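Counting starts at 1 for both ligands and their atoms, in listed order. Predicted, not measured: the structure shown is a model, and the values here were computed from it. The residues of the chain are indexed from 1 along the displayed sequence.
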Amino acid sequence: MISYLYVGIDDTDSPDGMCTTYLACHIIAKLKDNGIDIVGYPRLIRLNPFARFKTRGNGGVSFKIINDEKAQLAKQIVLDEVSRLSMFDCDNTNPGVIFYDGEITRQMEDYAFRAIYSFITIEEAEEFGKSVGCEIHKFKKGRGIIGSIAAISLPLKDYTYELLAYRIPENYGTKRQIDYDSVYEMDKKTFPDTFENIDYDEGYIAIEPKTPCPVLYGIRSNNADALIEAQRMVKVLEPIEDSCIFLTNQHTDMHIQKAESISQMKQYGCYEITATVKDAPHIIDGGHMFFKVFDESGEIECGAYEPTKNFRKTVSHLRKGDIIKLYGGIGEQKTFNIEKFQVIELNDVEYKNPVCECGKRMTSAGKNKGFKCKKCGNRIESSQKVPVKISRFLENFRFYETPVSARRHLSKPLCRMDL
Ligand code: ATP
């Protein structure tokens, strides 16, 4: 049986530069120069979106090589390049490298899910890594070992790919020279095999990062072939140093846990929950929109924040009594931030005063005194309002999602859902 050496790398970058995927791409090229090929695609694994020390998207990277006589040289190359290229000056950059040469066990898979659903300390990760036989390398505080162990351990039942193209160092921090028309063209030809390329409402080119990192663009897809085609179509007016396709858990909803009741939901967790709308959504200064939902166990405030743009308009159509399935995460403010929702049952009934025989809607004749008609003087003794079916903008069973520009890395877009 073939034995593999797994390599996990995390926490090498800072908001001012570098990117762990770039470092991995660079290492993979160096390994190749030394006659060492990686097996399959390298993996970009997104972990808990609420992790405190993340730079941006909380991603760790892993890859595997055949564990033969060259494995020792491979380890040396990895450690040398992490030492050479990590952004050590940043307090928050604490790289961690993991080597592992056994089978990925159930225990390791469970650890990886914990790194997506909850928080893990450096000490816990180190203890766990040692207990399963990982070779652990910590740089500075070595916080990266938390994500590195998860990046090699996470099973991928559902997955996507991302092609990342990197700039030459001379161009870091300068405006990216991407021909936007070619991105529109690429999206038209390759969607839905590729997705998240453009936010049409906002005129936002989502493949282009907004940070000074080495990435020129990143294209996301359900299959690797479509990425080759997409890359061929995107025109850029600056050199590309290298590019690399990563297998990822992006856009799989892997961060979402099914909650049976609102009372089960905890802060910094991401959930799917079915509940009833308690009050009409309202907007506050800053453009954030809120509404409450409830079930038999309790209630929670839901938020559609300003960056979700037009999604707030959709949310504003919710009404008291609507039953909806919500997907999202409970953040810093303890509100449930909505990533998408499905309407389960709309409340399309409104209670109104009865209509008189003459056709005019009646008015109240006073408390518990029934209704009277102002036009013909007719009276009804009963004070019971009558149900009237109203038309709704939202549709039963339909899903509604945040726009591309506000999408989390892990959120599954509707174009990937079996609807
Ligand atoms: P980039 O998106 O550019 O790769 P990043 O957002 O991934 O950057 P990192 O520099 O990787 O940010 O920092 C995230 C840190 O959080 C890493 O040290 C990682 O090990 C750690 N981490 C990941 N998951 C958890 C978790 N569940 N609990 C605690 N720490 C975590």
Tell me the salt bridge (Lys or Arg N to Asp or Glu O under 4.0 Å) pairs involving residues 56-71, sequence neighbours left out? Asp13-Arg56
Extract all N/O-N/O pairs under 3.5 Å that connect ligand 1 to the protein, and present each with both atom names and the distance rounded to 0.1 Å.
{"unit_1": "ligand 1", "atom_1": "2 (O)", "unit_2": "Gly57", "atom_2": "N", "d": "3.1"}
{"unit_1": "ligand 1", "atom_1": "3 (O)", "unit_2": "Asp13", "atom_2": "OD2", "d": "2.4"}
{"unit_1": "ligand 1", "atom_1": "3 (O)", "unit_2": "Arg56", "atom_2": "NE", "d": "3.3"}
{"unit_1": "ligand 1", "atom_1": "3 (O)", "unit_2": "Arg56", "atom_2": "NH2", "d": "2.9"}
{"unit_1": "ligand 1", "atom_1": "4 (O)", "unit_2": "Asp13", "atom_2": "OD2", "d": "3.3"}
{"unit_1": "ligand 1", "atom_1": "6 (O)", "unit_2": "Thr55", "atom_2": "N", "d": "3.0"}
{"unit_1": "ligand 1", "atom_1": "6 (O)", "unit_2": "Arg56", "atom_2": "N", "d": "2.6"}
{"unit_1": "ligand 1", "atom_1": "6 (O)", "unit_2": "Gly57", "atom_2": "N", "d": "3.0"}
{"unit_1": "ligand 1", "atom_1": "6 (O)", "unit_2": "Asn58", "atom_2": "N", "d": "2.6"}
{"unit_1": "ligand 1", "atom_1": "7 (O)", "unit_2": "Asn58", "atom_2": "N", "d": "3.3"}
{"unit_1": "ligand 1", "atom_1": "7 (O)", "unit_2": "Gly59", "atom_2": "N", "d": "2.6"}
{"unit_1": "ligand 1", "atom_1": "7 (O)", "unit_2": "Gly59", "atom_2": "O", "d": "3.2"}
{"unit_1": "ligand 1", "atom_1": "8 (O)", "unit_2": "Asp13", "atom_2": "OD2", "d": "3.3"}
{"unit_1": "ligand 1", "atom_1": "10 (O)", "unit_2": "Asp11", "atom_2": "OD1", "d": "3.1"}
{"unit_1": "ligand 1", "atom_1": "10 (O)", "unit_2": "Asp13", "atom_2": "OD1", "d": "2.9"}
{"unit_1": "ligand 1", "atom_1": "10 (O)", "unit_2": "Thr55", "atom_2": "OG1", "d": "2.8"}
{"unit_1": "ligand 1", "atom_1": "11 (O)", "unit_2": "Asp10", "atom_2": "OD1", "d": "2.6"}
{"unit_1": "ligand 1", "atom_1": "12 (O)", "unit_2": "Thr55", "atom_2": "N", "d": "2.8"}
{"unit_1": "ligand 1", "atom_1": "12 (O)", "unit_2": "Thr55", "atom_2": "OG1", "d": "3.2"}
{"unit_1": "ligand 1", "atom_1": "13 (O)", "unit_2": "Phe53", "atom_2": "O", "d": "3.4"}
{"unit_1": "ligand 1", "atom_1": "18 (O)", "unit_2": "Asp11", "atom_2": "OD2", "d": "2.6"}
{"unit_1": "ligand 1", "atom_1": "18 (O)", "unit_2": "Arg143", "atom_2": "O", "d": "3.4"}
{"unit_1": "ligand 1", "atom_1": "20 (O)", "unit_2": "Asp10", "atom_2": "OD2", "d": "3.4"}
{"unit_1": "ligand 1", "atom_1": "20 (O)", "unit_2": "Arg143", "atom_2": "O", "d": "2.9"}
{"unit_1": "ligand 1", "atom_1": "20 (O)", "unit_2": "Gly147", "atom_2": "N", "d": "2.9"}
{"unit_1": "ligand 1", "atom_1": "24 (N)", "unit_2": "Asn58", "atom_2": "ND2", "d": "3.4"}
{"unit_1": "ligand 1", "atom_1": "27 (N)", "unit_2": "Ala115", "atom_2": "O", "d": "2.8"}
{"unit_1": "ligand 1", "atom_1": "27 (N)", "unit_2": "Ser118", "atom_2": "O", "d": "2.7"}
{"unit_1": "ligand 1", "atom_1": "28 (N)", "unit_2": "Ile120", "atom_2": "N", "d": "3.0"}

Would you list the pairs meeting salt bridge (Lys or Arg N to Asp or Glu O under 4.0 Å) in which at least one residue belongs to residues 144-153, sequence neighbours left out? none
When you compare the side chain of Tyr166 with that of Val215, does any pair of heavy atoms fall below 4.5 Å? yes
Kindly state each residue pair satisfying salt bridge (Lys or Arg N to Asp or Glu O under 4.0 Å) with at least one member in residues 273-282, sequence neighbours excluded. Lys278-Glu299
Can the ring centres of Tyr305 and Phe290 be said to be less than 6.0 Å apart? yes
Are more than 12 heavy atoms from other residues, nucleotides or ligands located less than 6.0 Å from atom OH of Tyr159? no
